[in-house]
Amino acid sequence: MRFTENLAGRPAGCPSDLTLDRLHAGELPPEQARALREHAGGCEVCAERMALRTQGFAAFPEARPDRLLAGILARLEEPPARPWWSLSWVRFGALGAAAAAALVLLAVAFWSPPPGPQEPVVRAKGSLGLNVFLKRGERVAEALSGDSFQAGDRLRFTLELPVAGHVLLVAQDAQGRLEPCHPFGPGAASRPAQAGSTGPLEGAVELDEAPGDEWIHLVHCPRPFGPDELSPGAGPGAVRAPEGCRVASFLLRKAR
Amino acid sequence: MKRDEVSELFAKHAPAVYRRARYLLGNAADADEATQEVFIRVLRYPQAWEERGQVTTWLYRITTNYCFNRIRDRRRRRELWEEHGCAQPDGPRGAPSAEDLTEIRKVLAVVDESCAAAAIYVLVDGMSHEEAAEILGVSRRTVGNLLDRFRKQSEALTAPPGTPPEPGGCPDPGAAG
């Protein structure tokens with residue numbers, strides 16, 4: 001199949017969904033908003049697209065917005081398993097010469113069993129997840145794979161594991177070189193972990209000044225394994241793991 | 001954030017999140033879950049979007065990331081391929097057809113994240129390259145390159161058996177072994 005520029009096949013010159021959503025949300029400058037409303041007034045397709053937005057959830061009869069909102073409010077009011085931002089950010093100094101030359105990692109702490117509720121929250125859909133939280137200055141936010149990062153940014157991780165197993169976080173530079181980053185240190189190997197969402201892993205990773213793309217891989221295997229069983233795969237950001245293992249990857253784009 | 005503020009934000013933005021998740025994931029149950037998860041993430045870390053003052057753009061990013069990961073998860077469970085035979089109604093005018101969405105999900109399941117995000121923004125959402133570049137934090141030229149790589153990969157995936165792959169396709173960083 002050959003994908004065309006726009007699968008929706010809208011007439012040329014019609015605004016994107018993002019633009020219409022921002023118009024509906026009142027986020028556009030008045031001049032742009034006025035021009036778009038004029039366009040929608042003379043464009044049958046865009047008039048329908050705006051009507052869809054005006055209808056809100058009424059356009060989706062199967063949706064249950066009251067139930068969705070109630071679920072969100074309930075989740076927000078749950079006490080966090082542990083206020084991870086209150087933990088200290090640990091700096092361990094430079095790594096060995098080989099690692100320091102290649103990796104983003106300047107500071108890494110050691111593994112400790114995740115704190116939190118005794119009964120882990122098992123994800124119903126059974127997916128492997130690596131969540132990354134960025135602290136830049138005093139601001140903290142969840143980061144997305146592919147985001148831009150800068151020297152001095154500090155990262156912390158939480159994991160979502162569909163089943164119990166053994167996990168290891170490894171960093172990979174643009175040349176494909178792999179280095180364990182959690183646990184870290186001589187003889188670092190996978191650690192056992194229970195199914196469900198972990199609390200934040202202890203310690204933080206601080207990014208150095210080397211620019212370019214780098215990756216953090218969460219490797220999850222049914223048996224214990226070591227970093228020597230991992231190798232670069234074909235292409236940037238690819239890693240080969242033992243049979244039966246799964247990998248979740250996170251791309252760090254480091255500004256030049 | 002207070003409950004009434006959450007309710008107001010939900011009323012204003014949740015239908016758009018649900019709509020996109022419905023297109024990208026293809027069913028109401030997954031769109032429900034996506035909407036909840038996206039709002040939980042956005043509301044737990046409001047600093048990320050309050051600073052920018054553009055919650056819609058931030059919601060697009062979070063929704064894209066969440067849905068892409070769900071599509072990748074499905075690949076492992078083969079749901080995506082079983083979905084192929086299930087007839088789904090098309091969306092409203094100005095939206096991609098159900099058939100196109102099913103096809104593009106299969107490709108999204110195996111390409112890398114940068115290619116996938118560019119394809120979602122430009123091909124599914126109908127963004128200009130400039131808009132996609134802004135939301136991805138890359139140049140317009142990079143968006144074009146990512147789309148080229150996405151197209152090569154999609155063509156390779158649907159090529160008859162024995163057809164040699166074109167160079168420049170997207171790798172699959174999630175593949176193990």
Side-chain angles (χ1 to χ4, degrees), chain A residues 1-3 5-8 10 14 16-19 21-22 24-25 27 45-46 48-49 52-53 56-57 59-60 62-65 68-69 71-73 75-76 125-127 129 139-142 144-148 215 233-243 245-249 251, chain B residues 3 6-7 10-16 18-19 22 28 32 35-36 39-41 43-45 47-48 54-57 60-62 65 69-70 73 92-96 100 103-104 112-114 117 119 122-128 131 136-137 151 154-155 158 171-177:
Chain A
M1 175 176 182
R2 181 177 292 276
F3 291 107
E5 272 295 293
N6 182 342
L7 293 178
R10 293 169 202 135
C14 287
S16 67
D17 280 344
L18 171 65
T19 301
D21 283 329
R22 293 189 63 203
H24 180 67
E27 295 177 358
V45 172
C46 289
E48 285 188 24
R49 293 168 70 201
L52 177 72
R53 284 153 177 82
F57 273 114
F60 305 97
E62 77 282 4
R64 297 287 180 270
L68 286 176
L69 178 59
I72 291 166
L73 290 169
R75 290 267 302 277
L76 288 173
K125 298 296 183 182
S127 58
R139 304 198 71 83
V140 175
E142 182 171 6
L144 302 180
S145 181
D147 275 352
S148 293
W215 290 263
V239 61
R240 294 184 187 281
E243 187 175 354
C245 299
R246 294 169 65 177
V247 180
S249 301
L251 170 62
Chain B
R3 288 176 70 100
V6 172
S7 299
F10 180 87
K12 193 172 186 180
H13 295 281
Y18 181 89
R19 185 195 73 238
R22 184 81 172 78
D32 274 353
T35 304
Q36 283 202 332
F39 269 83
I40 292 292
R41 292 179 186 209
L43 291 166
R44 279 196 174 146
Y45 307 104
Q47 310 97 310
Q54 293 186 1
V55 65
T56 299
T57 306
Y60 262 66
R61 297 183 71 200
I62 301 285
N65 186 57
N69 286 330
R70 291 286 296 126
D73 291 342
R93 286 179 64 184
D100 280 349
E103 289 300 317
I104 202 168
D112 76 28
E113 294 172 36
S114 298
V122 175
L123 303 180
V124 179
D125 292 321
M127 288 186 197
S128 66
E131 286 177 312
L136 285 167
R151 288 195 189 93
S154 67
E155 288 164 14
T158 54
D172 176 8

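First the proteins, then the strands, lettered A, B, ... as listed; each starts at 1. Values in this document were obtained by computation on a predicted structure and should not be read as measured data.
- Not counting sequence neighbours, A:Arg64 has no partner by the salt bridge (charged side-chain N to carboxylate O under 4.0 Å, His left out) test.
- Within the 4.5 Å cutoff, the side chain of A:Glu27 has heavy atoms near those of the B:Val55 side chain.
- Closest heavy-atom contact between B:Tyr60 and A:Asp21: OH-OD2, 2.5 Å.
- In this structure, chain B has heavy atoms under 4.5 Å from both the backbone and the side chain of A:Phe57.
- Without hydrogens or angle criteria, B:Glu131 side chain to A:Ser16 main chain gives no donor-acceptor distance under 3.5 Å.
- Between A:Glu62 and B:Ala28, the shortest heavy-atom distance links the atoms CG-CB, 3.4 Å.
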Exercise for review: Tell me, with the steps shown, if A:Leu68 and B:Phe10 meet side-chain contact (heavy atoms from CB on, under 4.5 Å).
Suggested key: CA-CA 9 Å; A:Leu68 286 176; B:Phe10 180 87; 3.8 Å; yes

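- Taking OG1 of A:Thr19 as the reference point, atom CE of B:Met127 lies at 8.0 Å (rounded to 0.5 Å).
- The two residues A:His24 and B:Lys12 have their closest heavy-atom pair at CD2-O, 4.4 Å.
- Each of A:Cys14, A:Gly146, A:Gly56, A:Ala25 has some count of heavy-atom pairs under 4.5 Å with chain B, and the biggest count is that of A:Ala25.
- Remark: B:Thr57 pairs with A:Leu18, A:Arg22, B:Gln54, B:Ile135 by the side chain to side chain contact (heavy atoms under 4.5 Å, CB included) rule, at least two apart or across chains.
- Smallest separation of non-hydrogen atoms from A:Ile72 and B:Thr35: CD1-O, 4.3 Å.
- Of the two parts of A:Ser148, only the side chain, counted from C-beta on, holds a non-hydrogen atom closer than 4.5 Å to a non-hydrogen atom of chain B.
- Contacts between B:Asp32 and chain A at a heavy-atom distance below 4.5 Å involve backbone atoms as well as side-chain atoms.
- Within the model, atoms CG of A:Asp17 and OG1 of B:Thr56 stand 12.0 Å from one another, a figure rounded to the nearest 0.5 Å.
- Nearest approach of B:Ile40 to A:Arg75, heavy atoms of both residues: CD1-CB, 3.2 Å.
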